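Because only heavy atoms are used, hydrogens play no part in the values below, and waters and symmetry mates are left out as well, while side chains stay in. In what follows, residues are counted from 1 in the order of the sequence shown. Keep in mind that what you see is a predicted model, and the values were worked out from it rather than measured.
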Amino acid sequence: MTVNPEAITWDAVIVGTGMGGATLGYSLARGGRRVLFVERGLDLRSCDSDRLRGRFVEDHIGFRRLSHAEQEHEIALGGRSTDHVEDRSGGRVAAFSPYIGCGTGGSTALYGMVLERLFPVDFVGGAVAPGDGGSLRSASWPIEYEDLRPWYEAAEQLYRVRGGADPLRPGDAAKLLPAPGLTPESAAIVETLAARGVHPYRLHTACEEVRGCRSCQGHLCGSSCKNETVRVCLTPALEEHGACLLTECVALSLDADRTRVQRLACSWRGRRIDLRAKVFVLAAGALFTPALLIGSKSAFWPDGLANASGLVGRNLMRHAIDLYVLTRAPRLPADTLTKEVAFNDFYAGGSDKFGTVQSFGTATPLGYLRNRPGFNLWRLLGSVAPFVWSRYSRQPILGAIMEDLPYPENRVAPTAAIGATGRYRLSLQYRLRSADLVRRRRFRGALGRVLAPFRPMRVWGTTDRAALGHACGTCRFGADPDTSVLDPWNRAHGLSNLYVVDGSFFPTSGGVNPALTIGANALRVAHHLESSISWGSGSR
């Protein structure tokens, strides 16, 4: 950054460079707007992160010998958050760092590249079994599936999504790039599923699938095949369309009067700066965007900015996810594509609404498993651990993603002001209610019957606190300011120039990965801004 960021009134200042922020910023920059990205994490395009590409940060024998500060430095170089979250869901407080992205690209630097659309039924209020325990699921999305359809197509083309047609959703994959043929191992799984009346298809992924691609789920890509926001949006915005970027720049608070944000206060390079813009866009994620809003209190906004409804930070959703190791499926060779299969037969039918089932990949490395903090079964197993791990490490794994419901009591909030170092301290409360647990039992039962030939072994569920990659819902959008934080165009109710385009806006979680919907909606909002904002002479 060679210009003085405080000397310019930007067209748009965008906090966050993940799927929402980078996609919207790229669209505006391409349209000639003066865009400034604010990223509190590291610039992961630097050579410092190169040695961590293609592997988990913890997957080396010396990791546990590093000091706590050295471990956190490595984790940050690997594109992950080192923030402090206190889980207050149970009877005692449990602290952890969420396994989400922090740095250029946000969580797309780590994601498994699955980009799937929500279903039309997800946009309809009350489309779930009765007895939902008082959730706000009955509130529908303020837009319809058809409103988002062209933006789904645009996002799929932008991120070069490949995949096959879902037999249960004919026509929705017509413009996807062709995917390579299934590996023999995946083809055998598809054949068995089809024989049992299931409708499998080629999973939709934003992957160039170069030779030797290992999917790189959970860590930085080492093969230049992951279509994440840095390569697709952020770098082109900076190098081709004149956008600017501040990394290691911490958004501290937003200063607003009754109707408009005046400035964003940040800590950058050890000093405070105040950024001015015509439009401010928050895309820091469903945990940190509400934390920034709640921390931006003033006489005009005593409960936090945009929080007249009291819903900022509430209705946290994260999906109920189970993993199934297919112990009797064909064993996967090393360096074989492992994210190829999906089916939606249990997404919505009858009185139940569950979610998707898709390839998760293969087991994470033993080194990573052993080096995780806290109580660790893999360390307790000692010399037996390598034998146990090797027995299942090359077996295919399916992930079952079930929609969880939005309850106001499930929430995230800051526990302290954001420091100049950029470290967030948050508290989190989240638990599945009785309706969720009943649906999960039904979902598990149905999957157990379908997957029986593979002798599935369920190995992990929603009990993993750190797995918050699908967090959403904490600044829901809607038409009624009393029951939502944002309007249908993702503008904060009562504020003319503040928008939120990360997963916070979801009124419901649906039953698929949220990334594509975030990207598609960001393109929709960018188009709206272009057509509705009077940018004036400040634009390029």
Side-chain angles (χ1 to χ4, degrees), residues 56 112-114 116 163-164 166-168 179-205 207 209 213-218 319-347 354-366 368-369 377-378 381 385-402 440-464 467 469 511-513:
F56 287 87
M113 301 174 287
V114 175
E116 294 269 7
D166 179 358
L168 301 180
L182 293 171
T183 60
E185 296 77 21
S186 292
I189 293 173
V190 165
E191 182 180 358
T192 300
L193 290 173
R196 297 183 69 79
V198 176
H199 299 79
Y201 66 97
R202 184 62 159 76
L203 185 63
H204 300 173
T205 57
C207 179
E209 299 188 346
C213 172
R214 293 178 291 172
S215 298
C216 289
Q217 178 164 299
H319 283 145
I321 301 175
D322 284 328
L323 300 184
Y324 293 85
V325 179
L326 305 184
T327 65
R328 292 294 179 88
R331 191 171 174 83
L332 298 171
D335 295 331
T336 295
L337 290 174
T338 58
K339 298 180 75 69
E340 296 188 302
V341 181
F343 60 90
N344 291 309
D345 294 74
F346 303 110
Y347 199 96
F354 299 130
T356 193
V357 181
Q358 58 187 226
S359 296
F360 179 81
T362 52
T364 50
L366 180 59
Y368 166 79
L369 296 172
L377 177 62
W378 291 100
L381 287 173
F387 297 98
V388 176
W389 181 83
S390 63
R391 169 66 180 83
Y392 299 107
S393 62
R394 299 307 305 176
Q395 293 303 125
I397 300 175
L398 294 181
I401 301 174
M402 191 187 82
R440 187 171 66 175
R441 283 197 298 269
R442 291 174 179 164
F443 196 14
R444 286 174 172 176
L447 281 179
R449 290 187 290 273
V450 164
L451 300 177
F454 301 117
R455 295 284 181 90
M457 179 175 63
R458 195 173 71 245
V459 295
W460 180 82
T462 317
T463 54
D464 189 332
V512 295
N513 318 57

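Sorted by first and then second residue, the side-chain hydrogen bond (donor to acceptor under 3.5 Å, both in side chains) pairs with a member in residues 191-200 read H199-D345; sequence neighbours excluded.
Using a 4.5 Å heavy-atom threshold, the side chains of V388 and W378 count as touching. A 4.5 Å side-chain heavy-atom check between L398 and D322 finds every atom pair outside the cut-off. Looking at heavy atoms from C-beta onward, V341 lies out of side-chain contact with L203 at the 4.5 angstrom threshold. In this structure the side chain of F354 never reaches within 4.5 angstrom of the side chain of R444, judged on heavy atoms. F346 is listed as a side-chain neighbour of V450, based on a closest heavy-atom distance under 4.5 Å. R331 places a side-chain heavy atom less than 4.5 Å from the side chain of Q395.
Going from atom CE of M113 over to atom NZ of K339 covers 7.5 Å, rounded to the nearest 0.5 Å. Atoms CE and CG, from M457 and L451 in turn, are 13.5 Å apart once rounded to the nearest 0.5 Å.
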Requested in this report: Starting from the C-alpha separation in whole Å, work towards a yes-or-no answer on side chain to side chain contact (heavy atoms under 4.5 Å, CB included) for N513 and Q358.
Outcome: CA-CA 10 Å; N513 318 57; Q358 58 187 226; 3.1 Å; yes
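Considering every non-hydrogen atom in both P386 and L366, the closest pair reads CA-CD2, 3.7 Å. The nearest pair of heavy atoms linking W389 to L369 is CD1-CD1, 3.9 Å. Across E340 and G181, no two heavy atoms sit closer than the pair OE2-O, 3.9 Å. Between E185 and P330, the closest heavy-atom pair is CG-CB, 4.0 Å. Counting all heavy atoms, side chain and backbone alike, L323 lies closest to G399 at CD2-CA, 3.8 Å.
For Y347, the side-chain hydrogen bond (donor to acceptor under 3.5 Å, both in side chains) criterion is met by D122, not counting sequence neighbours. Judged as a ring-ring contact (aromatic ring centres under 6.0 Å, His included), and not counting sequence neighbours, the contacts of F56 are H219, Y368. Taking the side chain to side chain contact (heavy atoms under 4.5 Å, CB included) definition, one finds that A179 meets it with R162, R202, sequence neighbours left out. Take P396 and apply the side chain to side chain contact (heavy atoms under 4.5 Å, CB included) test, not counting sequence neighbours, and it matches I189, L326, A329, L332. Taking the side chain to side chain contact (heavy atoms under 4.5 Å, CB included) definition, one finds that R391 meets it with nothing, sequence neighbours left out. The ring-ring contact (aromatic ring centres under 6.0 Å, His included) test applied to F360 returns no partner, not counting sequence neighbours. The side-chain hydrogen bond (donor to acceptor under 3.5 Å, both in side chains) test applied to N344 returns D166, Y201, T356, not counting sequence neighbours. Every residue two or more places apart in sequence or in another chain that forms a side chain to side chain contact (heavy atoms under 4.5 Å, CB included) with R449 is listed here: A446.
Counting only distance, with no hydrogens or angles, the side chain of E116 and the backbone of H204 share a donor-acceptor pair below 3.5 Å.
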